[in-house]
Amino acid sequence: LLIFFLGEQKKSTEIIDVLNAQLPKTIKSETELSDNEFEDTHKKIPKTTPRTEILKHRNNIREILLHSNATPIRKYGGIGYTCCFCKQQYTKPADLKKHTLDIHKDVNKANFMINMNMSEYVVKLDITGLKCNICNDCFVTLEDFIRHLRFLHNKQWHDDIQPHIFPVKFDSELFHCVFCPNSFSKFRMLVRHLHKHFRNYICEICDSGFVNRNALTQHTVNHKTGAFKCNFCPKVYSTQVKKRLHERTSHTHVEANKCAYCNETFKDYRKKEVHLSEEHGIEAATAVCKACDKVFSNRKMLNIHIKRDHLLERAHNCPECDKKFYSTTGLKNHMVTHSKARDYQCKLCLKFYGRKKTLNAHMRVHEEKKLQCEQCPMTFVQKWTLKSHMRTKHGEVVCQSSTD
Ligand SMILES: [Zn+2]
Ligand SMILES: [Zn+2]
Ligand SMILES: [Zn+2]
Ligand SMILES: [Zn+2]
Ligand SMILES: [Zn+2]
Ligand SMILES: [Zn+2]
Ligand SMILES: [Zn+2]
Ligand SMILES: [Zn+2]
């Protein structure tokens, strides 16, 4: 834990150096303030990240809210989704979006995270049907839109801070992750999953990533071993996670093992599946994890998930740094960070990547973008955005052609 905090301290110093060098004068007083705050706590462990970092985050989220139809979600719970700017709750995310866009037009309210500490800071952002307010262009990913804001509309953007935004889309019954093919039956579980795609804070024991420090701290409790007794029966488990998994599957979520057609109950999921198939002729198309409501295409995938994500099994040790991994592929992916081998090259822009997965993710940048600016590396989806770009960036006069 000490090593972790020392790393944190070093990072804070670096951020201040960067700020002193780059921030405009107007923000300078803030910088000095946080610098002093930092000095005061320097001998102790710094509990707060410099205020300037949160100012950068606030600037970034304000640019998004000001120039798009993206809307933040304060939290999910109670009857549903709560507005970031007032106490209104909605059962449907689309209603919250409409409310936010209709009622809260004053984007200075992007200061909604004003009392938030960096250690708990994350913005859940609804990007369903993401659209630029300036030019009405539509975007599939938040990343694309941010690039668009920065390079086409020349908006100020801080990219020297770690990402703290969870983009979410509500476009089907299930909750799909925008970064990977996983889907969930509960919004809460999608949010818990999204941490995996952020490596701002990393668990030293199981290599799981988290968006902020609070989430990592909450997670490390899972690794504590001891005697954890089931609240419903005499069974005892070695970790909190194993205990909770048992409680959910054997006691609190037994409803899930009830047949919806004849109300017969079953000891486990497998028996219910057999019953459904033999008595009612229904084949289970998907398998749902009873601990986290994640949906899988088959039982095998579900079993891997339970072992890897809930029981935190880690059978493969890294010979170089003591990190542990569930699978050999996980270990192999990790080994790349040691060897710095960058074997995967993008055929389109010749960038190198260390992992096939990262290259594949990068390739999405090239999809659909067929219009290449002849004078710089920027690409565009629509003809007129390229034209507008040529005009603003390269001062070119483009005639309206009759084929448009
Ligand atoms: Zn509101
Ligand atoms: Zn635009
Ligand atoms: Zn994902
Ligand atoms: Zn862990
Ligand atoms: Zn029990
Ligand atoms: Zn699960
Ligand atoms: Zn290693
Ligand atoms: Zn490329």
Side-chain angles (χ1 to χ4, degrees), residues 76-77 80 91-92 168-197 206 208 219 221-223 225 227-316 324-331:
Y76 177 79
T91 48
K92 289 195 191 115
V168 291
K169 274 189 206 176
F170 302 98
D171 45 15
S172 80
E173 286 281 291
L174 288 172
F175 300 96
H176 292 286
C177 173
V178 300
F179 300 112
C180 73
N182 280 317
S183 50
F184 301 83
S185 56
K186 299 252 163 64
F187 179 68
R188 193 178 289 117
M189 298 310 155
L190 169 63
V191 170
R192 188 176 297 175
H193 161 83
L194 281 167
H195 282 279
K196 284 192 182 175
H197 296 288
C206 71
S208 301
H219 160 84
V221 174
N222 293 340
H223 292 299
T225 52
F228 298 89
K229 199 193 152 291
C230 171
N231 288 341
F232 305 91
C233 77
K235 282 189 178 151
V236 177
Y237 293 87
S238 61
T239 67
Q240 182 77 22
V241 186
K242 285 178 186 165
K243 180 203 121 166
R244 253 191 257 129
L245 187 63
H246 158 78
E247 283 180 354
R248 283 189 69 118
T249 51
S250 303
H251 305 292
T252 60
H253 281 58
V254 280
E255 268 297 293
N257 288 332
K258 195 159 139 187
C259 174
Y261 298 89
C262 66
N263 280 340
E264 197 176 334
T265 48
F266 300 89
K267 266 205 165 141
D268 63 56
Y269 195 88
R270 222 171 285 245
K271 291 208 176 77
K272 179 185 149 187
E273 270 188 352
V274 172
H275 164 85
L276 273 173
S277 147
E278 287 178 354
E279 295 293 318
H280 309 289
I282 291 153
E283 300 300 331
T286 56
V288 179
C289 173
K290 277 200 274 174
C292 74
D293 296 303
K294 196 168 176 175
V295 183
F296 297 89
S297 53
N298 59 57
R299 296 288 304 176
K300 199 181 158 205
M301 298 297 288
L302 172 60
N303 287 335
I304 291 175
H305 158 75
I306 291 173
K307 281 194 253 170
R308 188 190 55 203
D309 299 329
H310 295 300
L311 300 176
L312 300 171
E313 280 182 18
R314 298 287 182 269
H316 304 276
K324 297 176 174 72
F325 299 88
Y326 174 77
S327 65
T328 43
T329 11
L331 176 60

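These numbers were taken from a predicted model, which means no experiment stands behind them.
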Determine the minimum heavy-atom distance between [X] and [Y], stating which atoms define it.
X      : Y      : value
Leu174 : Ser185 : CD2-CA, 4.0 Å
Met189 : Cys292 : CG-O, 2.5 Å
Leu190 : Cys177 : CD1-CA, 3.7 Å
Arg314 : Ser208 : NH2-OG, 4.2 Å
Ser327 : Gly330 : OG-N, 3.1 Å
Thr239 : Asn222 : CB-O, 4.0 Å

Discussion item. Show, in sequence, the C-alpha distance, side-chain angles and deciding distance for His251 and His246, and conclude whether the side chain to side chain donor-acceptor pair (under 3.5 Å) test is met.
Written reply: CA-CA 8 Å; His251 305 292; His246 158 78; 3.1 Å; yes
From [X] [atom1] over to [Y] [atom2], what is the distance, rounded to the nearest 0.5 angstrom?
X      : Y      : atom1 : atom2 : result
Glu313 : Tyr326 : CD    : OH    : 6.0 Å
Leu331 : Lys324 : CG    : NZ    : 12.0 Å
Thr265 : His275 : OG1   : NE2   : 10.0 Å
Gln240 : Thr225 : CD    : OG1   : 12.0 Å

Residue pair [X] / [Y], side-chain heavy-atom distance below 4.5 Å:
X      : Y      : value
Lys229 : Lys235 : no
Ile304 : Phe296 : no
Cys180 : His193 : yes
Phe228 : Lys242 : no
Leu194 : Val168 : yes
Cys230 : Val236 : no

Worksheet item: Is there a side-chain contact (heavy atoms from CB on, under 4.5 Å) between Val288 and Lys294 once you walk through the steps?
Response: CA-CA 6 Å; Val288 179; Lys294 196 168 176 175; over 6 Å; no
Decide if the gap between the ring center of [X] and the ring center of [Y] is smaller than 6.0 angstrom.
X      : Y      : answer
Phe184 : Phe175 : no
Phe179 : His197 : yes
His195 : His219 : no

Discussion item. Counting only heavy atoms from other residues, nucleotides and ligands, does the tally under 6.0 Å from CZ of Arg192 exceed 12?
Written reply: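 Result for CZ/Arg192: open.
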Worksheet entry | Lys92 atom NZ, neighbour heavy-atom count above 12 within 6.0 Å |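 For Lys92, atom NZ is not crowded (no more than 12 foreign heavy atoms under 6.0 Å).
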Discussion item. Tell me whether the rings of His305 and His310 are parallel (<30°), tilted (30 to 60°) or perpendicular (>60°).
Written reply: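 Judged by the thresholds at 30° and 60°, the geometry between His305 and His310 is perpendicular.
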Fill in: SB check Asp309 Lys196 (cutoff 4.0 Å)
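Yes.
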Discussion item. Between Glu247 (side chain only) and Asn231 (backbone N and O only), is there a donor and an acceptor less than 3.5 Å apart?
Written reply: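 Judged by distance alone, yes, a pair lies under 3.5 Å.
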